Every structure is written in C-alpha cells, then in structure tokens.
Amino acid sequence: MAELEKVPKQIGELLKEKGLIRDSHIELALQDQKVTRERVGEILERLGFISQFDIATTIADQDGRKYVDVDQKRPMPSSLRLFNLNACLTNKFLPYFNDDKEVIVVTYSDDVDGLERFISRATGLKPRVRQGEKSKIINAIQYYYYFLENPVEKLIQKEMQLLAGDRDGVRSLDSFVVHLLQLAVKARASDIHIRPMDMSISVAFRVDGVMRAQFALPLTFKRLITTLKMRSGMDISEQRLPQDGSFSETILNNQFDFRVSSTVCPYGENLVMRLLPTKGDFMSMRQLGVFEEDLDLLTEIFNEPFGIVLLTGPTGSGKTTTLYAAVRRLNLTEKNILTVENPIEYRIPLIRQTQINVKAGYTFANAIRYFLRHDPDVILVGEIRDTETAQTAVSASETGHLVLSTLHTNTAFGAIPRLRSLGIPNFMLADSLVGVVSQRLVRKICPGCKEEYHPPESELTYLREPDVRLLWRGRGCEDCRGSGYMGRTLIYEIVRSNRELAGMIGRDVDLETMESAARKSGYRTIFDCAVRKVMLGQTSVQEVIRVLGH
C-alpha cells in the first residue's frame with residue numbers, strides 16, 4: 001500500500017471520484033492509525049473500504065500503465081529464469097514475458113524508476129512495467145518459483161513408487177499428502193475427490209466448477225483415506241457411516257482450511273476435501289462480471305433502508321462472494337451490520353460477524369432474534385433453508401431492517417414460490433421483498449488460446465442469434481492445461497420489486513405473468529446475460545449449455 005502513501009492526495013481524489021471511499025472512511029482510518037501505527041492505505045484495505053484491485057487499477061490509470069491480473073496469465077519459464085525468488089520478492093515484481101529485446105514485468109512497487117534500472121542492469125533488456133495487486137504478485141512469485149524448482153507431478157510419481165515398494169506398509173504417507181495438496185493448489189482446485197473403484201483409486205480435482213481426473217492409485221493406497229481421516233479428526237474405526245472433519249495446512253506460505261467429508265460406497269469410503277484459503281481477496285462487482293449498467297440497480301437495491309434482498313442459485317454458484325461484494329458497497333461507517341454464517345468466509349473488521357453453533361442452540365433463526373437487540377441496520381443471514389429462519393428473517397425486514405440472505409432456487413422469480421412454501425404469506429412477501437438476484441458461474445475463455453470460429457447453425461439456434469458470423473472459443477494451451485478456459489465469471493438476472501410486482505405477488509399471480517410484466521420494466525433473464533457474454537467473447541456456447549442446459 002506504499003503507493004497510496006507516496007501521493008495520497010491524488011490517489012485519494014481518484015478513489016473518491018470512483019465512489020470507492022468517502023471522507024468518513026479516511027477519518028476512521030486516521031483514528032485507527034493512532035492505535036495501530038499502520039499506513040492509512042493499509043487500514044483502508046484492512047477495514048474493507050478498498051481492495052488491492054482498486055489500488056492497482058487506480059495507480060495504473062494515473063501513471064498510464066496497463067493493469068495485469070497475474071492469475072490470468074502464466075509467465076514464461078525463460079522470463080522466470082532471468083531472475084531468482086529473492087530478487088523478485090525484494091524488488092516487488094513478477095517477470096512474465098521476454099524476447100531478445102525486452103522483458104515485461106508486473107509490479108506493486110512505488111519505485112518504478114528504480115525497478116527499471118535494476119532490470120536493465122540484471123538482464124541488459126528493455127523493461128516494460130505493468131501494474132498488479134500486491135498479494136497476487138507475492139503469491140505468484142512464490143508459486144511459480146517453487147514449482148519451477150519442484151515439479152510436484154514428478155514428486156508425486158516418485159512418492160508413489162516408494163510407497164508401492166513398501167510391502168510392510170511402514171512408510172508414512174505424509175509426504176504424499178503434502179504433494180497432493182500442493183498439486184491441488186497448483187491446479188487452482190476447489191475440491192479434491194478420492195474415489196475408490198473396483199480396480200483402482202481415482203484422484204480428481206474440481207477446477208472452475210468442472211471435475212478433472214488427475215491420476216489413479218493402486219488399491220494398496222486405501223490407507224491414504226485412513227491418513228486423511230486421522231488428519232481431519234474423524235473416527236477411523238467407523239467405516240459404515242458418513243463423517244465430517246477438517247484440518248489446516250500451510251502451502252507456499254498461505255494458510256488453507258480443508259473441510260473433509262466421507263461417505264460409504266460399494267468399493268469403500270469416498271472422500272471429498274474442499275480447499276478454503278483462510279485469507280481471500282475481496283472482489284468487486286465489476287471483477288465478478290456485473291455489467292456497468294446493472295451496478296446502479298444493485299446499489300439501489302442494497303441501499304434500501306428495510307426489506308429483504310435474496311441471492312439465489314445452486315451450491316457453489318458464488319452467492320456469498322456476490323453478497324459480500326454488495327455489502328462492501330454499503331457505507332460501513334454509518335451502518336451497523338451483523339451477520340450469522342456457516343462458516344464465516346470473508347472477514348471484515350467493521351462488520352459484526354458470527355457463526356452458527358447448532359449444539360449450543362445458536363441457529364440462523366435464533367441469531368436474528370438476538371440481533372434485534374443490537375440496533376442493527378443490516379442483518380446478513382448466510383442461508384434461508386427452513387420455515388423458522390424464513391419467517392424470522394421476513395419479520396425482521398418488516399420492523400425496519402434490511403435483511404440480506406441466500407436461497408436455493410433456480411431462477412429469481414422462483415424465490416417467490418419457495419418462500420411461500422416456507423410459510424410466508426403473500427401479503428408479507430409483497431410488502432417485504434426488495435429484490436432477488438439469481439446467478440451462476442460460467443468459465444471464461446482462456447486469453448492465452450482464444451480464437452475466432454464460424455459457429456454451426458445449432459449454436460446460432462440455441463443463442464437465438466441467426467445473423468452472427470463469428471464467435472470465440474479456447475483452443476487449449478499450457479496456461480489453461482488444455483481446457484480452453486481460465487477462471488469464471490457471473491451470469492445473472494435481477495428482479496427489482498416495484499408497486500406492480502408487489503401487487504401481483506399479493507394477488508398470487510402466476511410467475512409467467514410476473515416475468516412478462518417485469519420485462520416491460522427492463523428485466524433480462526440469466527440466459528439473456530449469458531448470450532451477451534458469449535457475444536462479447538467472454539465465454540462459449542458450450543459452457544452456457546453446460547451450466548444452463550438446453
């Protein structure tokens with residue numbers, strides 16, 4: 001955050017022009033500085049007012065440099081070999097491209113002139129500097145230099161050979177487990193699946209929402225499941241019932257929590273491990289993929305003084321991430337925000353966050369009742385999944401509080417019958433519902449192998465765009481490991497309640513009529529959003545079909 005300290009006035013003005021900070025944020029940061037002695041910029045970031053993305057893009061705009069997301073582009077091995085780990089960490093840059101004339105680096109340093117001199121002396125090449133985010137650059141430096149010197153795929157194969165030769169089963173599996181977790185981090189996996197089969201054990205990763213088989217193990221490796229159960233605090237003698245557990249591991253200087261679940265199948269116990277970084281960077285609505293013209297609508301919805309706002313979609317569709325991106329757009333200095341979650345995924349110091357504890361009797365519904373004694377402006381409920389929580393949340397929204405929550409439905413309008421099934425009368429629903437956002441995540445086409453093609457008639461029929469001549473797809477490259485995709489983006493639909501829609505809800509009008517009326521007010525379906533992202537070259541027809549179906 002040294003960039004903010006170097007020229008605080010200019011950058012502060014730019015951040016305020018973007019609507020990212022207010023004078024009250026600066027005032028609170030200065031108060032906190034008297035205690036913590038941190039830089040003001042660091043405090044603003046820690047309190048959740050701004051993100052490193054906000055700082056990086058602001059500096060890039062100010063200095064006329066290009067912003068680069070280092071998560072979206074793998075550096076050339078030849079560029080990495082021009083320097084070493086310590087040089088990159090000390091000088092705050094990641095090299096990612098070079099030829100015989102120049103080298104391109106991404107930095108978060110405030111001394112760009114000094115960096116350029118260092119690169120020129122070290123390589124004899126002309127430096128070209130791009131702007132990036134501090135944490136991403138540090139993680140990428142450690143990540144790429146570690147795996148450059150430690151090819152984890154080969155280490156796993158070597159460990160498998162050693163274990164296969166250990167007929168007495170005395171060799172520990174700890175090294176194998178560490179390499180497995182490192183490989184999952186390298187692959188950007190969200191889940192690790194260990195699946196016993198009739199003749200082998202399959203190890204698969206879920207990457208960008210899609211399962212990928214990684215390698216197979218012989219059946220003699222079944223003790224791997226016992227090892228992981230012990231790490232997770234499970235009962236290894238119990239092999240008949242499903243169990244849940246967890247453990248923590250530091251991988252490349254980053255702390256991860258692993259939530260582990262077992263279930264019993266005909267060929268043995270199946271394990272799934274979810275990777276959860278203990279510290280994740282906040283993402284803005286723009287970073288998530290919300291179109292510019294929808295930002296004002298979402299800001300309007302989330303700034304209502306009372307009512308209930310819902311985010312809907314299946315498990316793993318990014319609802320909580322979007323919810324926190326929206327919460328960060330609120331004026332945190334002027335609102336008392338309380339949350340009840342399971343678990344707490346993002347930590348913001350200015351928000352009073354709590355986690356459910358069913359054994360102690362602290363449930364979603366009970367938490368809402370307790371919160372009403374704490375003078376809240378906004379109540380965030382991690383999930384509405386039962387009648388008691390639904391009724392308590394709606395009641396709180398009718399007593400002058402804004403309630404934010406998530407719900408499992410396939411469409412935005414599907415939230416209405418879902419709440420009715422949970423015992424919410426039409427008149428209460430009509431009076432309290434402010435808006436619903438339904439969302440999915442689709443994979444983005446890899447920028448490293450993106451190419452144009454002439455789509456077949458079947459794709460144009462699906463898109464309902466018969467006049468389109470060219471679309472985009474990923475050819476498959478080393479960056480995306482042959483998948484043609486890198487990262488994910490939101491597709492979504494937004495329903496904003498108004499007098500007409502509230503009246504229809506109160507009269508129990510059918511959903512088709514409601515949707516038709518909403519279209520006249522500018523409502524666009526999630527399919528409309530997906531088609532637009534296909535036309536812009538952000539995702540592919542095949543990916544939309546995979547997520548939304550035919």
Side-chain angles (χ1 to χ4, degrees), residues 1-21 39-42 44-45 49-76 78-80 82-83 85 87-145 281-289 292 444 446-448 450 479 486-487 489 538:
M1 301 303 296
E3 299 89 348
L4 194 59
E5 298 301 311
K6 183 181 178 182
V7 281
K9 183 177 181 181
Q10 294 92 326
I11 292 178
E13 288 173 355
L14 287 170
L15 289 170
K16 286 198 286 186
E17 285 175 10
K18 289 184 175 182
L20 297 171
I21 60 172
R39 293 174 174 175
V40 172
E42 293 172 341
L44 289 171
E45 182 194 334
F49 296 136
I50 57 174
S51 66
Q52 291 183 16
F53 173 80
D54 297 328
I55 292 295
T57 52
T58 300
I59 294 171
D61 291 342
Q62 182 191 40
D63 294 345
R65 287 198 295 273
K66 183 179 179 181
Y67 163 77
V68 171
D69 183 351
V70 297
D71 287 348
Q72 292 293 306
K73 183 67 178 175
R74 288 171 60 89
M76 295 172 61
S78 62
S79 301
L80 294 171
L82 291 173
F83 308 94
L85 174 70
C88 292
L89 288 175
T90 301
N91 294 280
K92 307 175 182 178
F93 75 96
L94 174 73
Y96 78 97
F97 174 84
N98 75 283
D99 55 24
D100 57 356
K101 294 182 180 179
E102 65 179 19
V103 57
I104 299 177
V105 304
V106 190
T107 186
Y108 63 93
S109 173
D110 57 342
D111 183 11
V112 174
D113 293 338
L115 174 61
E116 290 178 337
R117 289 193 297 271
F118 168 78
I119 292 172
S120 295
R121 289 196 304 268
T123 66
L125 301 174
K126 181 180 179 179
R128 292 195 181 276
V129 178
R130 307 288 188 253
Q131 191 71 38
E133 293 140 278
K134 178 179 178 180
S135 62
K136 282 189 177 183
I137 291 173
I138 292 173
N139 289 339
I141 292 169
Q142 294 170 335
Y143 173 101
Y144 288 115
Y145 277 102
D281 292 330
F282 294 108
M283 296 184 71
S284 68
M285 289 289 195
R286 288 184 180 88
Q287 284 177 281
L288 291 172
E292 202 69 31
K444 295 189 291 185
C446 172
K450 186 176 180 180
D479 286 359
M486 177 76 78
T489 185
Q538 296 181 19

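Both backbone and side-chain heavy atoms feed into the values below; hydrogens, waters and symmetry mates do not. Keep in mind the model is a prediction, meaning the values are calculated, not measured.
Under the 4.5 Å side-chain criterion, counting only non-hydrogen atoms from C-beta, I21 is not in contact with D54. A 4.5 Å side-chain heavy-atom check between Y96 and V68 finds at least one atom pair inside the cut-off. At least one side-chain heavy atom of I141 sits under 4.5 Å from a side-chain heavy atom of C88. P75 has its side chain out of reach of P95: every pair of non-hydrogen atoms, C-beta onward, lies at least 4.5 Å apart. Within the 4.5 Å cutoff, the side chain of I138 has no heavy atoms near those of the L94 side chain.
Distance check, rounded to the nearest 0.5 Å: CD of Q62 to OG1 of T57 gives 11.5 Å. For the atom pair OH (Y143) and NZ (K136), the distance works out to 13.5 Å, reported to the nearest 0.5 Å. Atom CG of L288 sits about 5.0 Å away from atom CE of M283, to the nearest 0.5 Å. Within the model, atoms CG of L115 and OG of S120 stand 9.0 Å from one another, a figure rounded to the nearest 0.5 Å. Taken to the nearest 0.5 Å, the CZ atom of F118 stands 4.5 Å off from the CG atom of N91. Note that the CD1 atom of I50 and the CG atom of L44 stand 5.0 Å from one another [nearest 0.5 Å].
Q131 contributes no side-chain N or O that, together with a main-chain N or O of I59, makes up a donor-acceptor pair within less than 3.5 Å. Judged by distance alone, the side chain of S79 and the main-chain N or O of N98 form a donor-acceptor pair under 3.5 Å. With D63 contributing its side chain and R65 its backbone, the two residues share no donor-acceptor pair below 3.5 Å. No donor-acceptor distance shorter than 3.5 angstrom exists from the side chain of D61 to the backbone of T58, with no hydrogens or angles considered. Side-chain atoms of D69 come within 3.5 Å of backbone atoms of D71 as a donor-acceptor pair (strictly under, hydrogens ignored). The backbone N or O of K134 lies less than 3.5 Å from a partner atom in the side chain of Q52, making a donor-acceptor pair.
Closest of all the heavy-atom pairs between D99 and L125 is O-CD1, 3.9 Å. When all heavy atoms of G448 and K73 are compared, the pair lying nearest together is CA-NZ, 4.4 Å. Shortest non-hydrogen contact noted between I137 and Y108 is CD1-N, 3.7 Å.
Aromatic pair Y67/F53: ring centres closer than 6.0 Å.
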Dump the intermediate steps for side-chain contact (heavy atoms from CB on, under 4.5 Å) on D479 and M486, then the final yes or no.
CA-CA 8 Å; D479 286 359; M486 177 76 78; 4.0 Å; yes
Under the salt bridge (charged side-chain N to carboxylate O under 4.0 Å, His left out) criterion, do R286 and E292 qualify, and how do the steps go?
CA-CA 7 Å; R286 288 184 180 88; E292 202 69 31; 2.7 Å; yes
